[in-house]
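Just below is one structure, and these are the notes that go with it.
Residue numbers start from 1 in every chain, and the chains themselves are labelled A, B, ... in the order their sequence lines are given, proteins ahead of strands. The figures here come from the full heavy-atom set of this structure, side chains too, leaving out hydrogens, waters and symmetry mates.
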There are 2 protein chains.
Amino acid sequence: MLKMKKKISERTIERLSIYRRYLKEIQAQGKSRVYSHELAKVVSGTAAQVRRDLMEVGCNGCSSKGYEVESLIIEIGDLLDCSEVENVALVGVGNLGRAVLGFFSGKKENFDIVAAFDSNPDKCGRIICGRRCYHMDDLQEVFQKNRISTAILAVPVEEAEKVAKTLVEAGVRAILNFAPTHLTVNNDVFIHTLDMTMELEKTIFFSRQNLNLKEG
Amino acid sequence: MLKMKKKISERTIERLSIYRRYLKEIQAQGKSRVYSHELAKVVSGTAAQVRRDLMEVGCNGCSSKGYEVESLIIEIGDLLDCSEVENVALVGVGNLGRAVLGFFSGKKENFDIVAAFDSNPDKCGRIICGRRCYHMDDLQEVFQKNRISTAILAVPVEEAEKVAKTLVEAGVRAILNFAPTHLTVNNDVFIHTLDMTMELEKTIFFSRQNLNLKEG
DNA sequence: TTTTGGTTGTTAATTTTTTCACGTTGTGCA
DNA sequence: TGCACAACGTGAAAAAATTAACAACCAAAA
Ligand SMILES: NC(=O)c1ccc[n+]([C@@H]2O[C@H](COP(=O)([O-])OP(=O)(O)OC[C@H]3O[C@@H](n4cnc5c(N)ncnc54)[C@H](O)[C@@H]3O)[C@@H](O)[C@H]2O)c1
Ligand SMILES: NC(=O)c1ccc[n+]([C@@H]2O[C@H](COP(=O)([O-])OP(=O)(O)OC[C@H]3O[C@@H](n4cnc5c(N)ncnc54)[C@H](O)[C@@H]3O)[C@@H](O)[C@H]2O)c1
């Protein structure tokens with residue numbers, strides 16, 4: 001019988017990813033151990049919260065020496081990463097898509113953007129940031145050949161819903177969506193919409209909020 | 001005496017921004033009324049949650065007719081927006097910065113990117129996406145002249161901390177940070193770090209998680 | 001007019017998340 | 001060795017967020 005995995009909250013996953021980024025950073029600087037309160041600073045949280053998060057990955061910290069950086073990286077990886085490198089596709093090679101492609105492709109060890117897609121014939125067939133850009137017609141085939149199950153969606157908002165449907169039909173299991181719209185798709189596909197306008201509006205709001213708190 | 005504003009959670013602010021985006025969308029389509037359960041779908045939430053969020057803006061829905069789209073847009077705006085258009089600066093006009101500049105500048109009614117900055121002399125003095133790109137040396141002056149209190153930070157990660165310090169010195173009150181690093185600055189500056197790698201790792205993680213839930 | 005059906009505003013209950021608190025443990029030093 | 005210190009792991013408490021529940025209300029149909 002498969003052991004029942006307790007489900008881990010989205011918030012914890014976010015923080016684990018950030019811990020790992022920081023851990024790799026300090027590892028490169030030669031640090032081999034880290035305390036919970038150091039990790040706490042990176043996520044603007046508390047040491048207790050960090051310890052609790054790390055319990056999820058099966059903690060093995062050591063009193064008064066803290067956590068071992070290297071094994072923590074491995075353990076977080078065991079939880080977050082797939083056994084093999086995850087192949088990701090980028091759909092929509094416009095201004096944002098190109099930036100994202102350049103930023104990610106070939107840079108990460110746990111995932112990689114292996115193919116790009118666009119409906120504009122001028123962009124298809126070319127190599128962009130070291131990755132081939134295919135026409136949308138080839139999507140299904142390339143997805144299957146490369147076992148792609150995650151896509152980054154960066155097409156115009158009017159096209160997003162339609163393209164998402166295509167992706168689902170091609171067997172995608174998760175979409176990181178940059179188009180500012182809610183995508184309604186099959187239930188078991190995980191959609192994460194990253195709405196930059198919302199993020200900026202929030203930032204602006206809290207810039208004033210902070211001010212009010214100071215004054216009030 | 002100023003009335004004590006109850007503080008509103010970050011989550012609620014996020015959703016209000018998304019409700020508004022959707023409201024404007026359906027307003028353009030000619031809809032004049034909306035129900036809480038329609039808004040709920042857009043944020044993948046429940047109707048109760050929507051009604052609760054809307055209480056924060058002073059709700060004035062009507063039984064069995066729902067909410068009036070137009071007045072809801074205005075009321076959310078009263079809460080989220082400043083009295084005048086908020087002037088925002090973009091710092092770091094690279095691949096991502098250019099995409100962001102093109103996406104936002106001149107497109108929004110409640111805020112606008114009015115100036116860009118870069119340390120690369122080749123980019124300074126030019127007009128990029130309709131906005132002037134200044135040298136970093138002019139930052140303080142341009143910030144004061146344009147009453148800029150919010151900045152989007154899109155410089156390389158190694159530069160982020162240093163540039164953030166410059167921004168704080170220039171009087172910025174909030175930073176939307178795209179560099180994947182924790183910025184430690186003065187306490188009363190609101191920092192919101194948007195870590196795309198984390199967002200993608202989360203997406204990949206939950207793509208597998210969904211699968212497990214199905215199987216388990 | 002009265003009933004029916006569906007929605008809002010709001011309080012109460014529940015669930016989730018965070019924080020606290022403290023016993024335990026490893027380290028370093030006298 | 002023994003003591004002081006600081007950090008960990010974790011159950012319990014607290015806080016925050018979400019969901020449920022329901023009276024009041026409105027519109028439309030009977
Ligand atoms: N640029 C930004 O900084 C930014 C910020 C926030 C959100 N977004 C969102 O991200 C998305 C992309 O933004 P952008 O600035 O890169 O836009 P863009 O217009 O520069 O790029 C869109 C790309 O999608 C391609 N495309 C159009 N229809 C397609 C289809 N049906 N199938 C496949 N490809 C198609 C186009 O050929 C183009 O290359 C938009 O939804 C936008 O709202 C962008
Ligand atoms: N491109 C992406 O899609 C993407 C995704 C996630 C995160 N990021 C992050 O966003 C940031 C920008 O990414 P990018 O791809 O646009 O990088 P980029 O190298 O294309 O652009 C960086 C820009 O910053 C400028 N710059 C460098 N030092 C500066 C300084 N001290 N002051 C002012 N300007 C300076 C450079 O001249 C350049 O124009 C990076 O921190 C990156 O990690 C980018």
* Asked: Where the side chain of Ser64(B) is defined as all heavy atoms beyond and including C-beta, which of dT19(C), dC26(D), dT18(D) is the nearest nucleotide?
  ->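 Selected nucleotide: dC26(D).
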
* Asked: Which listed nucleotide (dC8(D), dT16(C), dT19(C)) is nearest to the side chain of Thr46(A)?
  ->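 It is dT19(C).
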
* Just how far is it from atom CG of Leu176(B) to atom OG of Ser207(A), taken to the nearest 0.5 Å? ->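 If we round to the nearest 0.5 Å, Leu176(B):CG and Ser207(A):OG are 11.5 Å apart.
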
* To do: Step through it carefully: locate the ring centre of Phe205(A), locate the ring centre of Phe190(B), and say whether they are under 6.0 Å apart.
  =>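 Not under 6.0 Å, so no.
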
What integer distance in Å separates [X]:[atom1] from [N]:[atom2]?
X	N	atom1	atom2	value
Met55(A)	dA12(D)	CE	P	13 Å
His37(B)	dG6(C)	NE2	C1'	9 Å
Ile13(A)	dT16(C)	CD1	P	16 Å
Leu16(B)	dA17(D)	CG	C1'	15 Å
Asp53(A)	dC8(D)	CG	P	13 Å
Glu14(A)	dT17(C)	CD	C1'	13 Å

* To do: Please determine if a side-chain N or O atom of Arg51(A) lies less than 4.0 Å away from the OP1 or OP2 oxygen of dC8(D).
  =>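 Looking at the OP1 and OP2 atoms of dC8(D), one of them is under 4.0 Å from a side-chain N or O of Arg51(A).
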
* Asked: Phosphate oxygens OP1/OP2 of dG9(D): is one of them under 4.0 Å from a side-chain N or O of Tyr67(A)?
  ->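 It does, given that an N or O in the side chain of Tyr67(A) lies less than 4.0 Å from OP1 or OP2 of dG9(D).
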
* If each of Ser63(B) and Ala48(B) is mapped to the nucleotide of DNA chain C with the nearest heavy atom, which maps nearer the 5' terminus, i.e. the 5' end? ->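 Mapping each residue to its closest nucleotide by heavy atoms, the 5'-most match is Ser63(B).
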
* Check: dT16(C) base within 3.5 Å donor-acceptor of Arg11(A) side chain ->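 For Arg11(A), whose side chain was compared with the base of dT16(C), there is no donor-acceptor pair (under 3.5 Å).
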
